[in-house]
Structures are given as C-alpha cells and as structure tokens.
Amino acid sequence: MSVTIRNQVIKILLLGIFDVFAVQFAVALGSRISIILGLGIAVFTIVINVVFLSDRLYPWRWIVPALAGMFLLVVYPIGYSMVVAFTNYGDGHLLAKEQVIAQKLADLYQPSDAKTYSVTVFRNAANEFRYWLVDEDGNAFIHRPGEPGIVPVAPDDPAYGERDENGVPTSLDGFVPLERAALLQSATTLQNLVIEAPPNEIRVTNISPLRGIQAQELTPRWSYDPATDTLTNVETGTVYRSERGNFVTGEGESREVLQPGFPAFIGFDNFLRVLNDARIRDPFWRVFLWTVVFAAGSVFLTLGLGLAFAMLLNSRDLPLKPFFRSILIIPYAVPGWLVVTTWRGLLNPAYGPVNLTLENLLNTQIDWFSNATLVKIAILFVNMYLGFPYMMLISLGALQSIPGDMYEAATIDGANGRQQFRWITLPMLLVALAPLLVASFAFNFNNFTVIELFNNGGPPMSAATVAGHSDILLSYTFRLAFSGARGTDYGFAAAIGIFIFFIVGPITYFNFRLTRQFEEAAA
Amino acid sequence: MATATRTTTRRRTDREGMVMPNRRRNLIIRLVLLILGCIFALYPVLLILGASFDPRDTLSGARIIPENPSLVNYQTLFSGAQTPILRWLMNSIIVSSISTVIVLALTVLAAYSLSRFRFSGRRTTLLATLVIQVFPIAVSLVAFYLLLDQIGEIVPWLGLNTLGGLIILYCGGALGANAFLMKGYFDTIPRDIDESAKVDGASEWQTFAWIILPLIRPILAVVGILTFIGTFNDYLIPRVLLRDTQVFTLAVGLTTYIGNDFSQDWGVFTAGAIIGVLPITIAFIVLQTQIIGGLAQGAVKG
C-alpha cells in the first residue's frame with residue numbers, strides 16, 4: 001500500500017516537472033513563433049497528463065511518448081511542408097507582412113521642400129551636448145540628447161537667457177557654444193548626428209567654417225493605409241496594392257513589384273510552375289526523367305550483379321563460402337558516403353588511379369565529372385558497387401528457399417541449365433524479392449548521398465537553373481531550398497517534395513498491400 | 001516407395017559420374033569469378049587503407065601498399081592540428097548513441113503495449129505508424145529545417161545547427177518500421193509467461209522489466225544496431241541541418257574536408273575514415289545476417 005502511495009507521489013511529481021517545462025515551451029512557441037505549434041504542444045501536454053492520471057487509459061501510457069515525438073517531428077513536418085508548398089516562402093518573401101510594412105514605414109527620404117535648420121552645438125564641462133536649431137523662418141528649437149525630438153522655443157522665452165543677433169543664446173545654463181576649432185575637431189562625429197523626431201529625422205547635411213552646421217529634416221517615404229491594404233509612395237504618389245505576397249502597382253508591362261515581399265498563399269503556382277514556367281519546366285522534367293532512370297537502373301544493375309554473385313555462391317561444394325560472402329558484402333558494410341567519396345577520388349581525372357588506368361587502356365581522355373552522359377554512367381556504376389551486396393544477400397536467401405525438387409522435375413523433363421534459370425529461378429526469385437525490389441526503387445529514388453557526394457548534382461545544366469545534369473528530384477529540392485547560391489525557395493522546394501511523395505508514396509503503399517502489412521497491423 | 005528411392009539414387013550417381021569433370025571445371029570458373037568479385041569489392045577499401053599509411057598525403061600515384069609506409073597521417077589526425085576529425089567522430093558517436101538509446105526506449109515501450117494490451121485505438125495506432133512510412137523524407141525536409149529554426153528560437157540547443165536538433169529528429173521517427181519489428185517479436189513470446197508472472201504478484205511494469213525485457217534481447221540488439229548504423233551513416237539530414245564545422249558529424253565533416261581537391265589531405269582523410277568507419281564496418285560484417293533480416297523487413301540501408 002505504502003509503495004503504491006509512494007509511486008503515485010513520484011508519478012505526480014515527475015508529471016509536474018514535465019508540465020512546467022512543457023507549458024513554458026508551449027507558451028513561448030505559441031506567443032513568439034507559431035500559434036499552431038504552441039497549441040499543438042499544449043494539447044499534447046494535456047493528453048499526456050490525462051493518460052498518466054487515468055487508469056482506463058493505462059495502455060496508452062506506454063505509447064504516448066513515442067506518439068508525441070511522432071506527431072511533433074513526423075506528422076507536423078509533413079503537414080507543414082504541405083502548407084509551405086502553397087506559399088511563396090523563400091528569399092524575398094521571408095519577413096512577415098507586418099515586418100515588411102514596418103520596414104517600409106521606417107524608410108525616410110529628403111523631400112525637395114525639406115525643412116532646413118542651422119544648428120548650434122553647445123557643450124558643458126561634463127562633455128554633454130545641447131543642440132539649438134533655427135529653421136528658415138527663424139523659429140528656434142532645442143534638442144537634448146536622450147530626449148526624443150526637438151522642442152520649439154518661443155523667441156522671447158526668458159528661460160534661455162540672452163540671445164545673439166540670430167536668436168541663438170550665448171549660453172544655456174552651463175552649456176556654451178562649441179568654438180570653431182572644437183567644432184572642426186569633432187566634425188566627423190557631428191557629420192553622423194541624427195536627431196530623432198519620430199516619424200521624422202533630422203540629419204546633418206553640411207558642416208562649413210563659414211555657414212556652420214546645416215541640417216535637414218527627412219520624412220517617411222511611405223504611408224500605409226490598413227483600410228485598403230495599400231502602401232503609397234509619398235514622393236511620387238504611386239499607390240501599391242498588396243497582391244500574392246508583394247506590394248505591386250500597375251498592370252502588364254508597367255507592373256512594378258516592391259521588394260521585399262512577404263510570405264503569402266499563392267495557390268497552386270508552385271506546382272504549375274513545372275508546367276508553365278519555361279525556366280523551370282525544362283530542368284524539372286529532365287531531373288525527373290533521370291531520377292526514374294537512376295532509380296530503376298540502380299535496381300536493375302545491383303540485382304543483376306548481386307544475383308550473379310548469389311548464384312556463384314549458391315553451391316554446396318563451394319569452399320570458403322562464408323569467407324567469400326563476407327568479402328563481397330564489404331561495399332555495403334562501409335558507409336555509403338565514404339564509398340562514394342572514394343570512387344569520386346578513384347575516378348578523378350587528374351589523380352584517380354582507376355581513371356588513369358582506364359585512360360591508358362583506351363588511350364583517350366575521360367572526364368567523368370563534366371560530361372553529362374559520363375557522370376550518369378559513373379553514378380550508376382558507383383551505386384551498383386554500393387548496392388550489389390544487399391541484392392546478393394537477399395537473392396541468396398531466396399535461392400535457398402526455392403524447392404530443390406522443382407529443378408529435379410525440370411531435369412527429368414529435359415530442361416537445361418539456362419532454361420531452368422529462365423523458367424524456375426528467375427520467376428521464383430522475382431516473386432520472392434518483388435517487395436524488396438520495389439523498396440529499393442523507392443530508396444534510390446531519394447538516394448541523395450550518392451548524387452550529392454559524387455558530383456554535387458553537376459555538371460550544371462545552364463546558368464538559368466540550380467539543377468545539374470546528375471541531380472535527382474531530392475537533390476534538386478535540396479539545392480532549391482538550402483544551397484543559397486541562388487537564394488532559397490522553400491515554397492517551391494516543398495512543392496517538389498510533395499511531387500516526390502505522389503510518386504514514392506503510392507509505390508510504398510502498394511508494396512505494403514503486397515506484403516500484407518496492413519492486415520498484419522490490423523491483427 | 002522403396003523402388004522410387006532406389007531409382008532416384010541410381011540416377012543421381014549416374015549423373016554425377018557423368019558430369020564429374022564438368023562439375024570440377026564449373027567449380028573452378030566459380031572460384032575465379034568469385035575471386036575477381038572480391039578484388040572488385042576490396043580494391044577501393046584497400047586503397048583507402050593503404051593511403052592512410054602513405055605519408056605523401058595525396059591521391060596522386062596512390063597504391064595499395066605505399067612506398068614508405070608510416071603512421072604520420074594518424075599522428076596528424078590525433079594531434080588535431082589540421083582538422084577536427086576526432087571532434088566529428090565524437091559528434092557522430094554522441095548523436096548515434098543517444099538516438100539509439102532513446103529510440104529503443106520509445107519503441108520497446110510502445111511495442112509492448114501494442115502487443116500485450118487490447119484497447120480501442122490500438123489498430124488505428126498501428127495503421128498510423130504504417131501510413132506515415134509511406135511519406136518519404138523528401139516531403140518533410142524543408143519543414144524539418146524550418147521547424148528546428150523555430151524551436152531553436154526558444155530552446156537554442158535543439159535548434160538548427162545543433163546536435164540536439166539532429167537527435168530529436170532521429171528520435172521523432174522512432175515509431176515506424178522499428179515498432180513493427182519489435183511488436184512482431186513480442187507477439188512470438190507466449191502470453192502464458194506474463195500471465196504466470198502476474199499470478200505470482202508481479203505488476204505490469206515488473207512483468208515487462210524483469211520477465212519480458214530479457215527475453216527480447218535479440219530484437220533489441222537488431223533494432224539498436226540498425227538505428228546506430230543508420231544514424232551514424234546518415235548524410236542527408238546532418239547536411240541540411242548543420243552549418244558549422246564544430247558540430248559536423250563524421251559523414252558531413254569528412255566529405256566536406258576532402259572537397260574537390262584530391263591532391264592534398266587524402267592521407268589524413270583516409271586515416272580519419274579508417275578510424276571512424278572500421279568498427280561499424282566490422283560490426284556490420286559480423287552481424288550481417290541479423291542486419292539484412294531486419295532491413296528486409298523495414299527499409300533499405302542509408
């Protein structure tokens with residue numbers, strides 16, 4: 001009994017500690033970053049509490065930690081990507097709309113009729129400053145650093161003591177005008193003097209020994225009208241309307257887009273670009289075609305070589321079978337990134353031993369990295385090297401499971417070795433391996449490591465696109481979203497990610513059907 | 001029955017007697033082809049091994065047995081003067097170990113419940129873990145980046161460009177193929193075992209921790225190894241998330257380090273690769289049967 005109570009206390013204590021962190025995290029995320037994410041974490045915090053406090057939900061206690069992780073880091077990202085795919089999020093559209101407007105409103109300019117001031121600088125013993133400004137009409141103002149703006153001073157205000165012929169005081173309790181020498185000495189500092197007078201700003205424009213310090217007032221270039229959601233350029237009077245992530249003006253030829261833009265939903269534009277936008281369409285479909293060729297070719301080549309070795313190994317009287325198998329599995333046991341990088345070195349045009357040997361044999365120059373066709377051949381070869389041991393091992397298993405009496409019967413019927421392979425081994429093997437071959441196709445469809453490490457997707461297709469001749473869809477996505485060389489385009493990258501899903505998703509789904517995984521799950 | 005057996009036996013001897021020389025020739029061809037295959041498989045690996053002992057530190061003129069073998073590349077590596085390769089190796093070990101432990105904990109608990117309890121929502125959960133596997137990583141890649149960027153604003157050590165962020169992404173995908181593998185194994189353990197433990201007064205947790213857990217050690221090992229190797233060898237996610245040299249994993253660090261110029265640093269690169277990759281390669285070869293068995297049920301190696 002006491003043990004139960006102790007356990008209860010410990011449980012509630014732990015739950016409390018968890019709640020403190022989770023709630024803080026949820027509130028911070030929700031208020032500062034993303035309301036949806038904050039709410040999601042809050043909901044999961046509640047679910048976890050309910051599950052751990054309710055006896056009826058006991059079985060869920062075991063699952064809920066993994067489920068929470070799955071929702072936050074698998075399900076949510078999938079949904080998030082799908083949302084991003086319908087936006088123009090990326091370079092030029094990174095700041096939120098409010099931030100863009102705030103940025104525009106902070107943009108000042110000097111109108112042709114800008115107010116001009118002549119400035120007198122006062123300094124006291126403590127090296128503090130006061131600025132006395134007189135505008136063109138003779139109106140006087142004072143600015144005290146640390147206080148915003150300029151304060152108008154009546155011409156006859158007695159608080160400022162005696163004035164000279166320009167109306168400038170001779171001293172301001174303890175502050176005296178800066179002498180000419182001192183003025184020139186601190187000219188660089190004064191040059192950068194900015195007096196904030198929100199929303200305007202007064203900036204020093206000229207310091208001359210004769211005319212003293214001249215300053216001009218800058219005013220906001222833009223005004224924003226929330227009612228019509230428009231930005232107006234005060235200087236030119238042009239009105240910009242908000243349209244799909246940008247403030248724009250004019251139509252057709254005279255259409256003008258204001259930078260930066262902001263993230264906005266743009267419907268199916270990202271998806272339609274692969275059909276309509278000539279600069280995207282051509283590289284996209286070439287990348288797509290190569291992705292399919294690469295994935296199918298890789299399955300074909302790895303299976304071919306793997307099966308060949310499996311059949312060589314599949315013999316009862318072969319000596320050293322485990323030894324051969326262990327050696328042949330090495331290309332698969334070594335991490336893929338190292339194998340690809342090594343082959344990249346071996347085929348290097350200048351130093352690669354394999355390439356130099358080949359060049360000697362064929363008596364010709366071969367550059368595997370800058371020729372669009374050669375790079376694809378090399379990549380298929382490297383991927384065959386990487387993947388054949390897996391195919392060899394699964395083929396070996398499948399070969400051993402083909403009943404021996406089938407061959408016996410075939411022999412009686414007079415079938416020769418080739419016929420037995422064609423009509424017994426191959427069909428039996430393909431049936432047994434089909435799900436694994438499909439999985440291998442799906443895997444290679446997204447085999448980023450091989451593509452990126454062999455030649456970074458290169459050689460480049462053209463200057464107009466980030467895609468290279470050896471890029472597959474996933475590495476193209478990567479380049480669009482993260483490479484930075486040509487800016488980032490999260491929206492389009494996410495759209496291609498979804499495109500990949502529409503090809504790989506159904507394949508995987510039917511594979512699960514084929515292997516009756518759903519029935520197993522429902523059992 | 002007896003006659004049938006006799007006839008088959010006779011036919012076999014007949015055939016063997018006839019085919020014997022043919023069979024020997026066949027075996028020799030097999031051996032020759034297998035040896036050629038082994039050379040093909042081993043050549044790049046041996047070249048790396050050789051280069052790591054080649055003091056010239058370049059790929060140019062590389063040979064499997066270098067001219068003046070020395071340990072100078074390993075000395076450079078361990079002095080840490082030239083590159084943080086050891087740091088990258090540490091990062092990889094940290095990420096893979098922590099991920100493996102968390103993934104194992106999460107999946108073993110979930111799989112136990114899914115195998116042992118019958119409750120509403122169980123089937124839905126199993127189907128859901130299956131369905132999310134239909135989504136390739138390509139879909140979530142952009143979101144991973146943006147999500148970690150957002151989380152990092154609140155908890156810096158879980159954000160972009162951190163090992164913590166990498167680890168939580170690996171752990172988030174814990175359910176999935178692993179849970180299935182594990183649940184399948186739990187299902188093979190007779191429920192009578194738990195029943196008798198409970199009759200003896202064991203609580204649910206005690207039954208799990210003291211009776212069942214020791215019985216499922218083999219599948220723990222398989223899932224653990226698959227997770228460790230999978231995360232240790234992963235290139236895509238760390239490449240996307242990590243920006244600074246100091247937080248690189250071995251895969252990203254070494255491949256970035258060698259870059260495009262194979263005329264220099266090749267020796268140190270290979271030495272780093274050998275140190276980092278040898279243990280995992282040997283483990284893979286030793287445990288090949290279990291690993292392939294696990295992979296064939298789940299995904300393909302990355």
Side-chain angles (χ1 to χ4, degrees), chain A residues 25 28-29 33-34 59 62-63 65-66 69-70 73-74 77-78 80-81 84 309 312 324 326-331 333-338 341-342 345-346 348 351 353 393-394 436 439-440 443 446 448-449 453 474 477 481-482 490 493-494 497-498 500-501 504-505 508-509 512 517 521-522, chain B residues 27 30 33-34 37-38 41-42 44-45 48 59-60 62 106-107 109-110 112-113 117 119 123 125-127 130 132 134-144 146-147 150 153-154 168-169 171-175 233 235-236 240 251 255 258 262-263 273 277 281 284-285 288 292 296 299-300:
Chain A
F25 187 52
L29 262 182
I33 311 290
S34 153
W62 301 70
I63 308 174
M70 186 177 96
L73 297 159
V74 180
I78 291 172
Y80 190 18
S81 279
V84 171
F309 281 122
L312 290 176
F324 282 126
S326 296
I327 299 290
L328 286 170
I329 201 189
I330 282 178
V334 177
W337 54 265
L338 179 57
T341 310
T342 305
L346 297 181
N348 185 288
Y351 313 103
L393 290 182
I394 59 172
L436 297 174
S440 171
F443 170 79
N446 291 318
F448 176 78
T449 310
L453 284 178
L474 183 56
T477 312
F482 310 110
Y490 299 126
I498 288 170
I500 295 175
F501 162 70
V504 175
T508 315
Y509 177 82
F512 283 164
Q517 297 248 23
Chain B
L27 187 66
R30 271 170 194 257
L33 288 175
L34 280 172
C38 289
L42 272 180
V45 180
I48 297 182
L59 176 64
S60 176
L106 291 177
T107 43
L109 292 174
Y112 179 77
S113 178
F117 303 122
F119 52 97
R123 276 182 57 179
T125 310
L126 278 167
L127 283 174
L130 202 59
I132 56 158
V134 170
F135 290 84
I137 194 106
V139 176
S140 342
L141 204 58
V142 171
F144 279 167
L146 299 174
L147 176 65
Q150 294 174 345
E153 295 277 322
I154 310 293
I168 59 166
L169 280 191
C171 297
L175 277 186
N233 293 355
Y235 174 73
L236 173 61
V240 168
T255 51
I258 193 69
F262 291 87
S263 64
V277 158
T281 305
F284 196 100
I285 294 169
Q288 47 178 293
I292 295 293
V300 184

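Each chain gets a letter, A, B and so on, in the order the sequences are listed, and its residues count up from 1. Side chains included, hydrogens not; waters and symmetry mates left out as well; all remaining heavy atoms used.
- The candidate from B:L106, B:L42, B:T125 with the greatest count of non-hydrogen atom pairs under 4.5 Å with chain A is B:L106.
- Heavy atoms of A:I33 lying under 4.5 Å from chain B belong exclusively to its side chain.
- Annotation: maximal heavy-atom pairing with chain A below 4.5 Å, among B:A273, B:G37, B:G173, B:C171, occurs at B:G37.
- Side-chain atoms of A:S81 never come within 3.5 Å of backbone atoms of A:A494 as a donor-acceptor pair (strictly under, hydrogens ignored).
- A parallel orientation is assigned to the rings of A:F501 and B:F135, their planes being inclined by less than 30° (bins at 30° and 60°).
- At a 4.5 Å heavy-atom cutoff, the contact between B:I258 and chain A is made by side-chain atoms alone.
- Tested against A:L338 for a side chain to side chain contact (heavy atoms under 4.5 Å, CB included), the candidates B:T255, B:T281, B:V277, B:N233 yield a single pass: B:V277.
- The candidate with the highest count of non-hydrogen atom pairs below 4.5 Å against chain A, out of B:L147, B:L27, B:L33, B:L34, is B:L34.
- With a 4.5 Å cut-off on side-chain heavy atoms, B:Q150 and A:Y80 count as touching.
- Listed options B:V240, B:I137, B:T107, B:V45 were ranked by heavy-atom pairs under 4.5 angstrom with chain A; first place goes to B:V240.
- Here B:A251 is the residue among B:S140, B:A251, B:A138 with the most heavy-atom pairs under 4.5 Å with chain A.
- Contacts of B:Q288 classified as side-chain hydrogen bond (donor to acceptor under 3.5 Å, both in side chains), with partners at least two apart in sequence or in another chain: A:R325, A:S326.
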| Full working for side chain to side chain contact (heavy atoms under 4.5 Å, CB included) between A:I63 and B:F119 | CA-CA 12 Å; A:I63 308 174; B:F119 52 97; 3.5 Å; yes

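- The part of A:L474 that comes within reach of chain B is its side chain, from C-beta onward, which places non-hydrogen atoms under 4.5 angstrom from that chain.
- Only the side chain of B:I48 comes within less than 4.5 Å of a heavy atom in chain A; its backbone stays farther off.
- Between B:Y235 and A:W337, a ring centre-to-centre spacing not shorter than 6.0 Å is recorded.
- Contact annotation: the side chain of B:V139 never approaches that of A:I500 to less than 4.5 Å [non-hydrogen atoms, C-beta and beyond].
- Proximity of A:P353 to A:L346: side-chain heavy atoms (C-beta onward) are separated by under 4.5 Å at one or more points.
- When heavy atoms are compared at a cutoff of 4.5 Å, A:Y490 approaches chain B by way of both its backbone and its side chain.
- Each of A:T508, A:L312, A:I329, A:I327 has some count of heavy-atom pairs under 4.5 Å with chain B, and the biggest count is that of A:L312.
- With chain B as partner, the option from A:G69, A:P59, A:G497, A:G505 having the largest number of non-hydrogen pairs under 4.5 angstrom is A:P59.
- In this structure, the portion of A:F512 lying under 4.5 Å from any heavy atom of chain B is its side chain and not its backbone.
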